[in-house]
Amino acid sequence: MLDIRLIRENPDLVRDALKKRQADTEIVDKILTLDENRREILGEVEKLKAERNAVSKEIGRMKDAESRQEKIAAMRTVGDQIKSLDDDLRDVDAELTSTMATLPNIPSDATPYGVDESENVVIKTVGKIPEFDFNPQAHWDLGPALDIIDFERGVKMTGSRFYVLSGAGARLQRALIAYMLDLHIKQGYTEKYTPFMVKKETVYGAGQLPKFADNLYKDHEEDLYMVPTAEVPLTGYHAGEILEDADLPKAYTAYTPCFRREKMSAGRDVRGIKRGHQFDKVEMYMFVKPEDSDAAFEKMMADAEETVALLGLPYRILQLCTGDLGFGATMTYDIEVWAAGCNEWLEVSSVSNVTDFQARRANIRYKPEGSKKNKFVHTLNGSGMGLPRVLIAVMENYQQEDGSIIIPEVLRPWMGGVKVIK
RNA sequence: GGAGGGAUGGCCGAGUGGACGAAGGCGCCUGUCUUGAAAACAGGUUAGGUGCAAGCCUACGAGGGUUCGAAUCCCUCUCCCUCCGCCA
């Protein structure tokens, strides 16, 4: 959610932001009209309410029955007017809010302009793309051969794009989760275990609703949503709260499964375990003072990078351009790892500075030291990281000619002595 | 799933139709006193909207209703607690 004042006072800034995102700008005019309309009605109804309040107090003190009745009758009319204006106000308010809710955040000046993902900027590439003296296999061949990924049974039980990890495969994923959480704790994050199902308001607060309604799984009986990312419960964690200046920044990490309905046709992009409807992810999340969010962004980015670097995987960092930026983000870096069998870069992490966009929706503020006025915090989120794709990269990059997979050194503490999956 | 009880400011808690944004206490802040602190005393201490401002409006779990007027009466919902049932 953007600040209505910003839109009111600086509509061109907002229009410009929408253009950079390749989005239509007429929504701005709609908002301006609704806002003007709202304030006009508000002024009117508040004047009437002030009158009613004053006269009602008078009535309470009046002794003379006749003039008292007169006042009561007069106020009955005013009451009707108020009711009708209040109805109008509610309608305009609701429309204004729902329209505002569809407006994306304003890209940072540091975000490069671009039309779509083809214009994202590669910031750096680290590590060498491994070379094999044999033909490296993709995980969808390696996995079933080692009996660590079972596609058929996943499909049998649930449907396409579901799978079962088995034996050392399941354990390897669990090792990755434990490795990531323990590393993030060392980096200064506090671990949270959150609900995996949340209320509509919680999803809305994180900015996933209304825009991504079609991509969410929902329990209609209880009106609960399955989380599409831990970002949702971690944003909701402090929703409606006023945080203490001294308690900031707050840095959290959480492991959750993520559930996404997104319907995509079968093909290269969804092959194997690249893009299931259910996947695991470890997330980093921060609540910071506005003046600290740039530095927090750099830290989170460094933390994400360390996570992939310690695994010994070749990776590259991309800065998203304005046309590819997520709905709530002002600036985003993606980390992609090289997958030797798929022969492509896979996105495993996305780190974003959301500024006050989620905080405004979820109403998360803090009391600045020595100031009376509460301010919205800035929030940042970053994956650290998406499990299936890291699993793919480990499997494919650490494979050997006989189809076995060497376990990276950093994961061995959680592998119970297993050094090679064969 | 059934029965009952409850929800008021940072916390405790009073308030059953009229000067109540809300008594009292605790906590916190400021001042007086003090070398300093404590104590005592005095004052202050919710958030949002709107307006150039003075101010005005809104909010006592949420939403609706009754009324000239609602923390207070009525309806619906949500959450919490106790007991029964069921259950990892």
Measure the distance from [atom1] on [X] to [atom2] on [N] and round it to the nearest whole Å.
{"X": "A:D35", "N": "B:U50", "atom1": "CG", "atom2": "C1'", "answer": "11 Å"}
{"X": "A:I242", "N": "B:G9", "atom1": "CD1", "atom2": "C1'", "answer": "12 Å"}
{"X": "A:K71", "N": "B:G18", "atom1": "NZ", "atom2": "C1'", "answer": "16 Å"}
{"X": "A:I41", "N": "B:C57", "atom1": "CD1", "atom2": "C1'", "answer": "15 Å"}
{"X": "A:E241", "N": "B:G10", "atom1": "CD", "atom2": "P", "answer": "12 Å"}
{"X": "A:E201", "N": "B:C79", "atom1": "CD", "atom2": "P", "answer": "11 Å"}
{"X": "A:M75", "N": "B:G18", "atom1": "CE", "atom2": "C1'", "answer": "15 Å"}
{"X": "A:E244", "N": "B:C28", "atom1": "CD", "atom2": "C1'", "answer": "11 Å"}

Can a cation-pi geometry be assigned to A:R361 and A:Y204, taking NZ or CZ under 6.0 Å from the six-membered ring centre and within 45° of the ring axis? yes
First of A:V45 and A:R39 reached from the 5' end of RNA chain B, by closest nucleotide: A:R39
Between A:R52 and A:G60, which residue's closest nucleotide on RNA chain B lies nearer the 5′ terminus? A:G60
Taking pairing as Watson-Crick or G-U wobble with both contacts under 3.5 Å, can you name the mate of [N], or confirm there isn't one?
{"N": "B:U32", "result": "B:A40"}
{"N": "B:G1", "result": "B:C84"}
{"N": "B:C79", "result": "B:G6"}
{"N": "B:A59", "result": "B:U46"}

Considering all heavy atoms, the nearest A:L346-A:K274 contact: CD2-CD, 3.7 Å
Can a side chain N or O of [X] be found less than 4.0 Å away from OP1 or OP2 on [N]?
{"X": "A:R90", "N": "B:G64", "answer": "yes"}
{"X": "A:R76", "N": "B:C68", "answer": "yes"}
{"X": "A:R68", "N": "B:C68", "answer": "no"}
{"X": "A:K199", "N": "B:C79", "answer": "no"}
{"X": "A:R38", "N": "B:G49", "answer": "no"}
{"X": "A:R5", "N": "B:U50", "answer": "yes"}
{"X": "A:N53", "N": "B:G18", "answer": "no"}

For [N] versus [M], give the span between their [atom1] atoms, rounded off to a whole number of Å.
{"N": "B:C41", "M": "B:C57", "atom1": "C1'", "value": "38 Å"}
{"N": "B:A38", "M": "B:U32", "atom1": "P", "value": "14 Å"}
{"N": "B:C83", "M": "B:A47", "atom1": "C1'", "value": "38 Å"}
{"N": "B:G85", "M": "B:G18", "atom1": "C1'", "value": "48 Å"}
{"N": "B:C29", "M": "B:A39", "atom1": "P", "value": "12 Å"}
{"N": "B:G24", "M": "B:U45", "atom1": "C1'", "value": "16 Å"}
{"N": "B:U35", "M": "B:G25", "atom1": "C1'", "value": "33 Å"}
{"N": "B:C26", "M": "B:G13", "atom1": "C1'", "value": "11 Å"}

Mind checking [X] for me? I need base, sugar-phosphate or nothing, with any heavy atom below 4.0 Å counting as a touch.
{"X": "A:K83", "value": "sugar-phosphate"}
{"X": "A:K49", "value": "sugar-phosphate"}
{"X": "A:I59", "value": "base"}
{"X": "A:R360", "value": "nothing"}

What's the closest nucleotide to the [X] side chain, out of [options]?
{"X": "A:E46", "options": "B:G48, B:G51, B:C56", "answer": "B:C56"}
{"X": "A:I72", "options": "B:C57, B:C68, B:A47", "answer": "B:C68"}
{"X": "A:L42", "options": "B:G49, B:A47, B:C57", "answer": "B:G49"}

Check: A:D147/A:S166 side-chain N/O donor and acceptor closer than 3.5 Å: no
Donor-acceptor pair between A:T253 and A:Y285 side chains, under 3.5 angstrom: no
Kindly say whether the aromatic ring centers of [X] and [Y] come within a distance under 6.0 Å.
{"X": "A:Y217", "Y": "A:Y225", "answer": "no"}
{"X": "A:H238", "Y": "A:Y252", "answer": "yes"}
{"X": "A:F162", "Y": "A:H277", "answer": "yes"}

Checking salt bridge (Lys or Arg N to Asp or Glu O under 4.0 Å) against A:D245, which of A:K367, A:K375, A:K289, A:K250 comes through? A:K289
